[in-house]
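Note on naming: letters A, B, ... go to the chains in the order of the sequence lines (proteins, then strands), and numbering restarts at 1 for each one. When reading the values below, keep in mind they use all heavy atoms of this one structure, side chains included, and skip hydrogens, waters and symmetry mates.
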Number of protein chains: 2
Amino acid sequence: MKKAEINSTEIARLAGVSRSTVSRVINNYPNVPAETREKVMKVIRQYNYYPNMSAQVLAGKKTRTIGLFLIDAGHVSSDILTNMLISSVIENASAYGYYVLTNIIRNTQDQDAVRSVKEIFYQRRIDGGIFIGAANHEPLIEELIAEGFMIGIVDQHLPGRTEPNRIVANFDNDRGMELAIDYLAGLGHSKIGVINGDMKRQSGPSKYEGYLKAMAKRGFEVRPEWVLPGDFHQEAGYQAIQKLLQSASSLPTAIIAANDSVAFGAIQALHENGLSVPRDISVIGFDDHALSRMHQPPLTTIRVDFMHMMNRLTGALIKKIEQGADRFEPFTIGCELVVRDSCRPL
Amino acid sequence: MKKAEINSTEIARLAGVSRSTVSRVINNYPNVPAETREKVMKVIRQYNYYPNMSAQVLAGKKTRTIGLFLIDAGHVSSDILTNMLISSVIENASAYGYYVLTNIIRNTQDQDAVRSVKEIFYQRRIDGGIFIGAANHEPLIEELIAEGFMIGIVDQHLPGRTEPNRIVANFDNDRGMELAIDYLAGLGHSKIGVINGDMKRQSGPSKYEGYLKAMAKRGFEVRPEWVLPGDFHQEAGYQAIQKLLQSASSLPTAIIAANDSVAFGAIQALHENGLSVPRDISVIGFDDHALSRMHQPPLTTIRVDFMHMMNRLTGALIKKIEQGADRFEPFTIGCELVVRDSCRPL
DNA sequence: CTGAAAGCGCTTACAG
DNA sequence: CTGAAAGCGCTTACAG
């Protein structure tokens, strides 16, 4: 049923040249006269010939494919933010003529999952990979970097690890927290609590440290009972507030959530307990999630430009793939305050 | 810097067997004694050996990769629904041990875009592909099917085209429209307008025909000025309402939108023109978009299970890839009414 | 400017 | 049960 595949031998025969010349035409070698090139191209076009990718790669070409690895215990299909990251990488890579092989890893403790990621690299399915959502120190990633693979990582800070094939992208969480606290201070708040993110990931402790630093700068008291453990999911925000309301001797007037999803959960819990946002308590998020502006109340948050980050990270990875990794080049993306209606002046 | 790659020759040498035997172990041939197998496996594990994928494919193995092609003129990164489809296919394929190469096509008229899609197939990067968002008759897809590639298509109806390598998935739009109109009729509505979707896609005319059929069944009059052209984007809903309000001699009491995004746009336009939903006019959507339940007012809609569809379609495609395509097997996924607050009894 | 030949790393009839 | 060998379809020094 399937037509016989046409290959370079056949093209060579039809064009009256050798396979070497066909290959030179395909790969744009300069030492092919225009006339010969055109003669070969004509046959190529006529027969709809595309060189077999596996043969090209086996002979030494790049795959022009990058791997995208999302680490998330949740059901990614329904997470808007993660989904946006996926498309963002695809679109950026596509602009460079690269393809994206996307993978979702539920649990980095799962040996099968780890094996399957390694397989993709060792099999040479891809030229490099991008990891999103991993712990700050993830053995799998460290092994791949040690093996010399080109790896882009969102959200990592590992002092001293400056291999040239490690590309690191972070948001300026310090600055974000400072913006949030400056804004709240301007509204008259000084009793400010925080719901922490996942402390295994770099952005968890980094946001918390930013909070501590900004609170100290203002001379605001950090009350341990207002520092609530959590992670980056909505449910954690909900639970954090339940805990706060049950056990705290008094309440803060404002709370900064590790991200907007956490803020949604927190606000839900506050509402269920008869507290109104922002009347009784102000809440500020982090990310500027697609839903934040549609939320009730519209969420004041620290906007972070994920698309811009993925754009730079994808570009940097592809550059290293094509030009080689000469030195470690981490970068940081800024953030800005977006004022909506979830905070009120005191 | 990069370690020398280990290959099957090396593994064979270390295990004291031939490359043939190493290959038989890797491919689980039955005629290898447990003892030999274990001896080889030990070396494979010890040296972290994974067979080179390009070599395997060149020697006749499958790529175990499927292509996912999203056709959408909009900026996909921000479209929640499309993003959900992407993750859904990835997760389903992954369960079968397949990888997904995702591509976004802005315009099927763009020759470069078309060429790049063909290239992926002809280069043998993938074993098959899934197309979402294409016109009912898309020459690119028809060419690929004619070439014998395994193709899954969402939203297509081409009578007589029943090639075994064509896999077609549709929603039951007829039934969806019937549910919507039955519900509205139950609330006392009979003056029901419709905002059509993209008529080049199968779901456009198919929803419209469902509307006509259900209206006829009830004996409700179809007023041409209440049949509004559009497409599947929010802006189209907005424009359709603007046009309706400017030119119609009287207004319907209810409007069915081609999908929820269109409904959002329609409601926005109604509000901007001082009309309240559902007080002045009832609106019903289609899809049950992730935002529909958070919308103001929460949107009544016809829910359609995209995940289920992608699940079946991905499974069917992989089955055909592995077992061969023997016959044409289209399928249809049902839908259900989700009542929220955007319609009111008359 | 161009062709013959080696080589990339596998799989799989074939022969024993 | 197992090895030697052909073959998959390219690319790229090498030699001319």
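B/S18 contributes no side-chain N or O that forms a donor-acceptor pair with the base of D/dA4 under 3.5 Å. For C/dG9, its base never sits under 3.5 Å from the side chain of A/R124 at any donor and acceptor pair.
Nucleic acid contact for B/S23: base, since at least one base atom lies under 4.0 Å from a heavy atom of the residue. At the heavy-atom level, B/T36 lies under 4.0 Å from the strands shown only through sugar-phosphate atoms.
Using a cut-off of 4.0 Å between Lys/Arg side-chain N and Asp/Glu carboxylate O, A/E119 and A/R125 are scored as not salt-bridged. The pair A/R106-B/E91 meets the salt-bridge criterion, with a side-chain N (NZ, NE, NH1 or NH2) lying under 4.0 Å from an Asp/Glu carboxylate O.
Considering only the side chain of B/V32, D/dT2 comes nearest among D/dA13, D/dT2, D/dA5. The side chain of B/S20 lies closest to D/dA5, out of C/dC10, C/dT11, D/dA5. Among the nucleotides D/dT11, C/dG9, C/dT2, the one closest to the side chain of B/A59 is C/dG9. Proximity note for A/Q56 (side chain, C-beta onward) versus D/dT11, D/dG7, D/dT2: the nearest is D/dT11.
Regarding B/I11, its CD1 atom lies at a distance of 12 Å from the P atom of C/dT11, rounded to whole Å. Note: CG (B/N27) to C1' (C/dA13) measures 14 Å, nearest angstrom. Taking atom NZ on A/K62 and atom P on C/dC8, their separation rounds to 17 Å, with Å as the unit. For the pair A/R19 CZ and D/dG7 C1', the interatomic distance rounds to 12 Å; values are reported in whole Å. We find that CG of B/L58 is positioned 12 Å from P of D/dT11, with the value rounded to whole Å. Rounded to an integer number of Å, the gap from OH of A/Y29 to C1' of D/dC14 is 13 Å. Computed from coordinates, the A/N31 CG to D/dA13 C1' distance equals 12 Å when rounded to whole Å. In this structure, CZ of B/R64 is placed 14 Å from P of C/dT11, rounded to the nearest angstrom.
Distances shown here put a side-chain N or O of A/Y49 below 4.0 Å from the OP1 or OP2 atom of D/dC10. One finds no side-chain N or O of A/S54 lying less than 4.0 angstrom from the OP1 or OP2 phosphate oxygen of D/dC10.
Both the sub-6.0 Å distance and the 45° axial angle are satisfied by A/R312 relative to the ring of A/F331.
Within a 6.0 Å sphere centred on CZ of B/R45, other residues, nucleotides and ligands contribute more than 12 heavy atoms.
When the C1' atom is used for both C/dT12 and C/dG16, the distance is 16 Å, rounded to whole Å.
Side chains of B/K118 and A/N48: a donor-acceptor N/O pair is absent below 3.5 angstrom, by distance only.
Comparing B/N52 and A/R24 against DNA chain C, the residue whose closest nucleotide sits nearer the 5' end is A/R24. Sequence order on DNA chain D of the closest nucleotides to B/A55 and B/T21 puts B/T21 first from the 5' end.
Using cut-offs of 30° and 60° for the angle between ring planes, the B/Y50 and A/Y122 rings count as parallel.
The nucleotide C/dA13 finds no pairing partner, because no Watson-Crick or G-U wobble arrangement with both distances shorter than 3.5 Å includes it. With both pairing distances under 3.5 Å, D/dA4 is matched to nothing as a Watson-Crick or G-U wobble pair.
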